[in-house]
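The block underneath contains the structure these notes are about, expressed in structure tokens.
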Amino acid sequence: MAFIDFSDAAHPALPVANSNVVPIPAARTSDTDGGLLSRLERRVVELAREDGLKSLIPQRPRRWLARLIFGPMPPSKMLANEQLEALRQLAVQAWHHGYTLPVSAIREAQAAGHSEAKVGAVIDFIGRLRAPVRRLAA
């Protein structure tokens, strides 16, 4: 096995072998949400599209007879991180209700630590991704 030591290649005093190489700037998070949502948060919002309103209700543990008949509990859709779970719940509400969200959903997201700007960015992000309403021709 060969080992190549690249530690001295990044030293600023050493000349660069190919001066025609242009460094690529770091990618911005997103122009559409103003950079308020991280990639993880956008992914949580996109995954919440598949969740129904029933996923907002916490699961009750099954008793022994129900486990015997129905089998073990299915995996919960709730996330372990409280802030991401609050974001998921807001996103589920927004996917189903659009811009007519209940005020309680917005307050719960703000109580979990999300700013008003981030809540607005989530709602706008979902509003742009939702399919437009198709109307039947009369």
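All values derive from a computational prediction rather than experimental measurement. Throughout, numbering of the chain's residues begins at 1 and tracks the sequence. Any value given below was found using the heavy atoms of this structure, including those in side chains, with hydrogens, waters and symmetry copies removed.
- Residue-environment remark: CZ (F70) stays at or below the threshold of 12 foreign heavy atoms within 6.0 Å.
- When hydrophobic clusters are built by joining Ile, Leu, Val, Met, Phe, Trp and Tyr residues whose side-chain heavy atoms come closer than 4.5 Å, directly or via intermediates, L37 is grouped together with L101.
- Between P72 and R67 there is no side-chain heavy-atom pair separated by less than 4.5 Å.
- Contact check for L79 versus L87: no side-chain heavy atoms found under the 4.5 Å cut-off.
- Environment of CD in E82: sparse, with no more than 12 heavy atoms of neighbouring residues, nucleotides or ligands closer than 6.0 Å.
- In this structure, M78 and R88 have side chains that are in contact, with non-hydrogen atoms separated by less than 4.5 Å.
- For the atom pair NE2 of H96 and CZ of R130, the computed distance is 9.5 Å after rounding to the nearest 0.5 Å.
- Between the H97 side chain and the P102 main chain, no donor and acceptor come within less than 3.5 Å of each other.
- Hydrophobic clustering of Ile, Leu, Val, Met, Phe, Trp and Tyr side chains at less than 4.5 Å, counting indirect connections, keeps V103 apart from L90.
- When hydrophobic clusters are built by joining Ile, Leu, Val, Met, Phe, Trp and Tyr residues whose side-chain heavy atoms come closer than 4.5 Å, directly or via intermediates, L68 is not grouped with M73.
- Taking all atoms of both residues into account, the shortest heavy-atom contact from L36 to K118 is O-CE, 3.5 Å.
- Counting heavy-atom neighbours within 6.0 Å of R107 CZ, excluding the residue itself, gives a total of 12 or less.
- Between the side chains of E85 and Q89, at least one donor N or O sits under 3.5 Å from an acceptor N or O.
- In this structure E108 satisfies the side chain to side chain donor-acceptor pair (under 3.5 Å) test with no other residue, sequence neighbours excluded.
- Separation of atoms OG (S115) and CD (Q110) is listed at 8.0 Å; rounding is to 0.5 Å.
- Contact check for I106 versus E116: no side-chain heavy atoms found under the 4.5 Å cut-off.
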Step-by-step side-chain contact (heavy atoms from CB on, under 4.5 Å) determination, R49 to V92: CA-CA 6 Å; R49 181 181 220 164; V92 168; over 6 Å; no
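- Side-chain contact of R43 with S38: a donor-acceptor pair under 3.5 Å is absent, judged by distance alone.
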Please walk me through it: do L47 and R42 pass side-chain contact (heavy atoms from CB on, under 4.5 Å)? CA-CA 9 Å; L47 289 174; R42 282 197 313 270; over 6 Å; no
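- A heavy-atom distance below 4.5 Å is not found between the side chains of W95 and D51.
- The same ILVMFWY cluster, assembled from side-chain heavy atoms under 4.5 Å apart, contains both V45 and L129.
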